[in-house]
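For reference, the structure is listed below as structure tokens.
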Amino acid sequence: MRLVLDGVAVTIDGTPIVREADLIVEPGSFAALVGPNGCGKSTLLRTIYRALRPAAGLISLNDEDLRKLKHRETARRIAVVAQEYPAELDFTVEDVVLMGRTPHKRPLSRTTGEDLQRCAEALERVSATGLARRSFVTLSGGEKQRVLIARALAQESSLLLLDEPTNHLDIRHQLDVLHLVRDLGLTTLAALHDLNHALEFADRIYVMDTGRVVADELTPEVIARVFGVRAVSRTQYVFERLKEET
Ligand code: ADP
Ligand code: MG
């Protein structure tokens, strides 16, 4: 599914937060969104998944204007791994993943065998089958992220949006999440904190600065201009996983 943003602007309480954002995420590709804290990455993602309404511009999925889709239809096409975890309620992991089935069900309809099957497949895909009966709130950060990705998979959407999915994870779990997401092969747009991770994992990097998408590649010049730091390449450790995700 191709995601296109054309001149998207977002205003919150009269303050422009995003201005004229243009970007394209090609079908099956992984695009990263980077930029300093507060530049508008989360706001832009929230606008794409329709938690916020754009003040101007067009967002389309496969040439279809998002505004023309019913919210339920949007939920079938777009899966989100947001920064906030689901409310601190005592849901089991299986319940959390089953929430991904909601857009495929009629309101108040029961969980079907197919729902459970999809849920089990999704948990297996993220190597979290053993967690199904655990309470979500008791999981480690890395386990929570994998379960939220499973919920997105159970949703069977073709566009995946992630907001800083590696936050608070150690290096090994950061790599697990990034490999996992890339290997899903979905059309993916992820706000990423770590510039080296963006360079390593993304097919395309969009750089935001004070509400604008100012570059579609991450060069030392762009890094200097946007982040105010010099990018120096020097001998350093490159981390590779010793074995496949645990
Ligand atoms: P990022 O994710 O890049 O760190 P955000 O999209 O969270 O940036 O925020 C961009 C700017 O918008 C910030 O200045 C933030 O304070 C402001 N902002 C975000 N959400 C709101 C809101 N609900 N009300 C007022 N200001 C907001
Ligand atoms: Mg953010």
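Ligands are counted one by one from 1 in listed order, and the atoms in each one are counted from 1 as well.
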Open item on the list: Closer than 4.0 Å to some heavy atom of Asn37 - which atoms of ligand 1 meet that?
Closed with: 4 (O)
Open item on the list: If I apply the N/O under 3.5 Å rule, does Lys41 come out as touching ligand 1?
Closed with: yes
Task: Straight-line distance of Asn62 CG to Thr187 OG1, nearest 0.5 Å - done: 8.0 Å
Task: Ion pair Glu156/Arg76, N-O distance below 4.0 Å - done: no
TODO: Nearest 0.5 Å please: distance from the CG atom of Leu159 over to the OH atom of Tyr49.
DONE: 12.5 Å
Open item on the list: If I apply the N/O under 3.5 Å rule, does Ile17 come out as touching ligand 1?
Closed with: no
Open item on the list: So if I apply the side chain to side chain contact (heavy atoms under 4.5 Å, CB included) rule between Glu114 and each of Lys105, Arg101, His104, which one comes out positive?
Closed with: Arg101
- [ ] Measure from atom 17 (C) of ligand 1 to the protein's non-hydrogen atoms and state whether any distance is below 4.0 Å.
- [x] yes
Task: Residue and atom name of the nearest protein heavy atom (relative to atom 8 (O) of ligand 1), distance in Å to one decimal - done: Gly40 N, 3.2 Å
- [ ] Among all protein heavy atoms, pick out the one at the shortest distance from atom 4 (O) of ligand 1; state its residue, atom name and that distance to 0.1 Å.
- [x] Gly38 N, 2.7 Å
TODO: Measure the spacing between CD of Gln145 and OG1 of Thr166 and express it to the nearest 0.5 Å.
DONE: 8.5 Å
Task: Metal proximity, Gln83 vs the Mg ion (ligand 2), N/O/S cut-off 2.8 Å - done: no
Task: Residue and atom name of the nearest protein heavy atom (relative to atom 7 (O) of ligand 1), distance in Å to one decimal - done: Ser42 CB, 3.7 Å
Open item on the list: Any protein heavy atom at under 4.0 Å, with atom 2 (O) of ligand 1 as the reference point?
Closed with: yes
- [ ] Kindly compute the distance separating CD (Gln174) from CG (Leu192), expressed to the nearest 0.5 Å.
- [x] 10.0 Å
- [ ] Counting heavy atoms only, name the option from Leu45, Ile12, Leu44, Val10 that's nearest to atom 26 (N) of ligand 1.
- [x] Ile12
Task: For atom 6 (O) of ligand 1, closest protein heavy-atom neighbour - done: Thr43 OG1, 2.5 Å
TODO: Kindly indicate, with the supporting measurements, whether the criterion side-chain contact (heavy atoms from CB on, under 4.5 Å) is fulfilled by Ser42 and Gln83.
DONE: CA-CA 9 Å; Ser42 298; Gln83 259 180 329; 3.9 Å; yes
Open item on the list: Please confirm whether Gly35 approaches ligand 1 to less than 4.0 Å, judged on its heavy atoms.
Closed with: no
Open item on the list: Within a 6.0 Å radius of atom CG on Asp63, are there more than 12 heavy atoms belonging to other residues, nucleotides or ligands?
Closed with: no
